[in-house]
Student: 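Below is one structure. I have some questions about it.
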Amino acid sequence: MSKFTKEELIEGFMPIIAMAGTAKSIALEALRNKDKSGLLEAKQLLLEAHGVHHKYVTAECEDDDNVVVELNLIIAHAEDQYMSAETIISLVEILLDII
């Protein structure tokens, strides 16, 4: 497999940023409204983001000789957004059970 171009990485990782950001917003809105119903949508968005991420992780794992995905700021930001969305959704779920 050949290395992804910068444009391909941006095109691939920007949806992760957008979906994770939207998922965080939905989860926080659910907390503000004290309503768990939005969490299903937030989790679905996170699952879609994971699917996109999985494509690149799989490509990287399948190529033994070359680095297929070079770390850059867009990828780091996507990873950060994804992980924080996952954490926020989990915390909101717990908080909504408590309140």
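Note that this is a predicted model, so its numbers are computed, not measured.
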Student: Can any side-chain N or O of Asn33 pair as donor or acceptor with the backbone N or O of Asp35 at less than 3.5 Å?
Tutor: no

Student: Verify, without hydrogens or angle tests, whether Glu79 (side chain) and Ala76 (backbone) share a donor-acceptor contact under 3.5 angstrom.
Tutor: no

Student: What's the spacing between Ser84 OG and Leu91 CG if we round to 0.5 Å?
Tutor: 11.0 Å

Student: Hey, are the side chains of Ile16 and Gln81 touching, using non-hydrogen atoms and a 4.5 Å cut-off?
Tutor: no

Student: List the atom of Ala85, the atom of Ala20, and the distance in Å for their closest heavy-atom pair.
Tutor: CB-O, 3.5 Å

Student: Stepwise, does the side-chain contact (heavy atoms from CB on, under 4.5 Å) test hold for Tyr56 with Leu9?
Tutor: CA-CA 9 Å; Tyr56 292 98; Leu9 290 175; 4.1 Å; yes

Student: Between His50 and Glu86, is any side-chain donor less than 3.5 angstrom from a side-chain acceptor?
Tutor: no

Student: Please find the pair of heavy atoms, one from Ala42 and one from Ala27, that lie closest to each other, and give the distance.
Tutor: CB-N, 4.3 Å

Student: Nearest 0.5 angstrom please: Leu40 CG to Leu45 CG, how far?
Tutor: 10.0 Å

Student: When rounded to the nearest 0.5 angstrom, what is the spacing between CZ in Phe4 and CG in Asn72?
Tutor: 12.5 Å

Student: Taking the side chain as every heavy atom from C-beta outward, state whether Ile17 and Met14 have any atom pair closer than 4.5 Å.
Tutor: yes

Student: Flag yes if Phe13 and Leu73 sit in one hydrophobic cluster, no otherwise; membership is Ile, Leu, Val, Met, Phe, Trp, Tyr, and two members link when side-chain heavy atoms are under 4.5 Å apart.
Tutor: no

Student: Apply side-chain contact (heavy atoms from CB on, under 4.5 Å) to Ile89 and Lys43, showing your working.
Tutor: CA-CA 7 Å; Ile89 290 168; Lys43 287 180 178 182; 3.9 Å; yes

Student: Donor-acceptor pair, Thr22 side chain versus Met19 backbone, under 3.5 Å?
Tutor: no

Student: Drop me the distance from Thr87's OG1 to Lys24's NZ, to the nearest 0.5 angstrom.
Tutor: 9.5 Å

Student: What orientation do Tyr82 and His53 show, parallel under 30°, tilted 30 to 60°, or perpendicular over 60°?
Tutor: parallel

Student: What do you reckon, is CD of Glu11 surrounded by more than 12 foreign heavy atoms closer than 6.0 Å?
Tutor: no

Student: Within a radius of less than 6.0 Å around NZ of Lys36, do more than 12 heavy atoms belonging to other residues, nucleotides or ligands occur?
Tutor: yes

Student: So, taking the atom named CD1 in Ile88 and the one named CD1 in Ile26, what distance separates them when rounded to the nearest 0.5 Å?
Tutor: 12.5 Å

